[in-house]
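Here is the structure we will look at.
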Amino acid sequence: MGETESDEDRYLVPGLIRGFAVLDIFTTEHQELTLSEIARRLDLSRSAAFRTVYTLSHLGFLLHDVRRQTYALGPAVLRLGHGYMASRELVQIALPEIEKLRDQTDWSTHLGVRDGRSVLYMLRVASRMGMGSIVHVGSRLPAAATTMGRVLLTDLDEESLIALYRDEHYEHAPLGTPRNMAALLEQWRGDCTRAVVVHMGIFERGIASVAAPIRDLSGGIVGAINATHAFDTVVSPDEKVIAAVESCARAISFHLGRR
């Protein structure tokens, strides 16, 4: 017997629903509201409204003007919105460019962003020949072992890199990748001097990979692209492939405001 609507509702968190409802009533026409106005609009008691806005203010989702006794949306809301729009913007801008890169090279192409010590695959455009990496969108792979991940790590300074990998278990790292902090730092320093990072079967046996960084207006690395191809048809990436990957990364960066 399936769950009824009331069965499903038991999983809902009333306080969370109330919090989002409070945030939702702030509009262009009503950018500031008093506690009484919030309570009246949502049909809440004054005490319930106060607990909700107090919590949201503590977390930075609302700003409390003590003098005027009003509330307005806070910076935490802006951060959430910026993260959502930035990720959508990056994917939307990158897709036609990495499709062009695939067409130019007939290598499989990907877009990734760093998530801690992993690279998160956001886009994949497969080679029409069916040769290349079989990593799919949503996959997370170790950053230090992959071309895109290595590119993304170069946005860190040495102190941040050491802090990120301080408790890493190197014995579980894929063959051919750093086995200790000293090796990781050596690899990172070399990558920081390169326009692209090239792998020849280090992470995926029989797969060549070339990656380059995507930069935003400030020059920071916000993502990376790569192109991959099977060994049985290519010994090493030629200059045309490397140049195409660099050009693609520059085009995406340009659309993000990088000059």
Side-chain angles (χ1 to χ4, degrees), residues 59-60 75-95 97-98 101 108-126 132-174 176-181 183-185 187-189 191-192 194 196-199 202-204 207 209-228 245 248-249 252-253 255-258:
L59 296 173
V77 173
L78 298 177
R79 287 195 298 272
L80 287 177
H82 174 75
Y84 172 72
M85 292 305 296
S87 63
R88 282 183 58 86
E89 182 181 32
L90 179 58
V91 168
Q92 290 172 348
I93 288 174
L95 179 56
E97 297 297 338
I98 68 170
L101 178 60
S108 294
T109 55
H110 310 82
L111 165 73
V113 296
R114 188 173 67 84
D115 182 14
R117 289 180 289 204
S118 300
V119 54
L120 171 63
Y121 280 66
M122 304 285 286
L123 282 175
R124 176 177 185 260
V125 180
S133 171
I134 59 171
V135 176
H136 298 291
V137 171
S139 297
R140 281 180 169 80
L141 299 181
T146 56
T147 54
M148 286 201 297
R150 286 171 57 179
V151 164
L152 292 164
L153 289 175
T154 63
D155 195 48
L156 300 176
D157 57 32
E158 185 169 322
E159 183 179 351
S160 299
L161 183 74
I162 292 172
L164 181 64
Y165 281 90
R166 183 168 286 123
D167 62 346
E168 174 76 337
H169 299 292
Y170 296 98
E171 64 272 15
H172 302 308
T177 57
R179 314 305 292 182
N180 51 54
M181 182 66 78
L184 175 66
L185 287 170
Q187 174 179 276
W188 171 81
R189 292 185 184 113
D191 291 340
C192 287
R194 303 182 181 101
V196 298
V197 171
V198 178
H199 267 189
I202 295 178
F203 184 74
E204 288 184 89
I207 296 294
S209 178
V210 182
I214 298 171
R215 299 181 183 274
D216 63 8
L217 179 63
S218 69
I221 297 176
V222 295
I225 60 165
N226 78 354
T228 63
V245 171
C248 180
I252 298 170
S253 299
H255 292 312
L256 290 174
R258 179 67 175 163

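Every value quoted in this text rests on a predicted model; they were computed, and no experiment measured them. Side chains are part of it too, since the values below use all heavy atoms of this structure and drop only hydrogens, waters and symmetry mates.
Looking at every heavy atom in both residues, N226 comes nearest to A211 through CB-CB, 3.7 Å. The minimum heavy-atom distance between V151 and A224, with the atom names listed, is CG1-CB, 3.9 Å. The two atoms that bring A249 and I225 nearest to each other are N-CD1, 3.5 Å, heavy atoms only. R124 and A126 make their closest contact through NH1-CB, 3.8 Å (heavy atoms, listed as atom of the first residue, atom of the second, distance). Across A144 and L184, no two heavy atoms sit closer than the pair CB-CD1, 3.8 Å.
To the nearest 0.5 Å, atom CD1 of residue I221 and atom OG1 of residue T154 are 3.5 Å apart. Rounded to the nearest 0.5 angstrom, L153 CG and T146 OG1 are separated by 8.0 Å. Rounded to the nearest 0.5 Å, atoms CZ (R166) and CG (L161) are 10.5 Å apart. Residue L164 holds its CG atom at 5.5 Å from CZ of R114, rounded to the nearest 0.5 Å. Atoms CD and CG, on E158 and L185 in that order, are 5.0 Å from each other to the nearest 0.5 Å. Here the CZ-CG distance, from R215 to L256, works out to 12.5 Å after rounding to the nearest 0.5 Å.
Side-chain atoms of D157 and S160 form a donor-acceptor pair, as typed in the model, at a separation below 3.5 Å.
Contacts of D191 classified as salt bridge (Lys or Arg N to Asp or Glu O under 4.0 Å), with partners at least two apart in sequence or in another chain: R150, R194. Every side chain to side chain contact (heavy atoms under 4.5 Å, CB included) that L95 has, sequence neighbours left out, goes to E99, L123, V125. Shown here are the side chain to side chain donor-acceptor pair (under 3.5 Å) partners of N180, two or more places apart in sequence or in another chain: there are none. For V196, the side chain to side chain contact (heavy atoms under 4.5 Å, CB included) partners two or more places apart in sequence, or in a different chain, are V198, V210, A212, I242, E246. Taking the salt bridge (Lys or Arg N to Asp or Glu O under 4.0 Å) definition, one finds that R117 meets it with D167, E168, sequence neighbours left out.
Proximity of L156 to Y165: side-chain heavy atoms (C-beta onward) are nowhere separated by under 4.5 Å. The shortest side-chain heavy-atom distance between M122 and L90 does not fall under the 4.5 Å cut-off. Contact of the I98 side chain with the I252 side chain is registered, since non-hydrogen atoms from C-beta on lie closer than 4.5 Å. Looking at heavy atoms from C-beta onward, V91 lies in side-chain contact with L111 at the 4.5 angstrom threshold.
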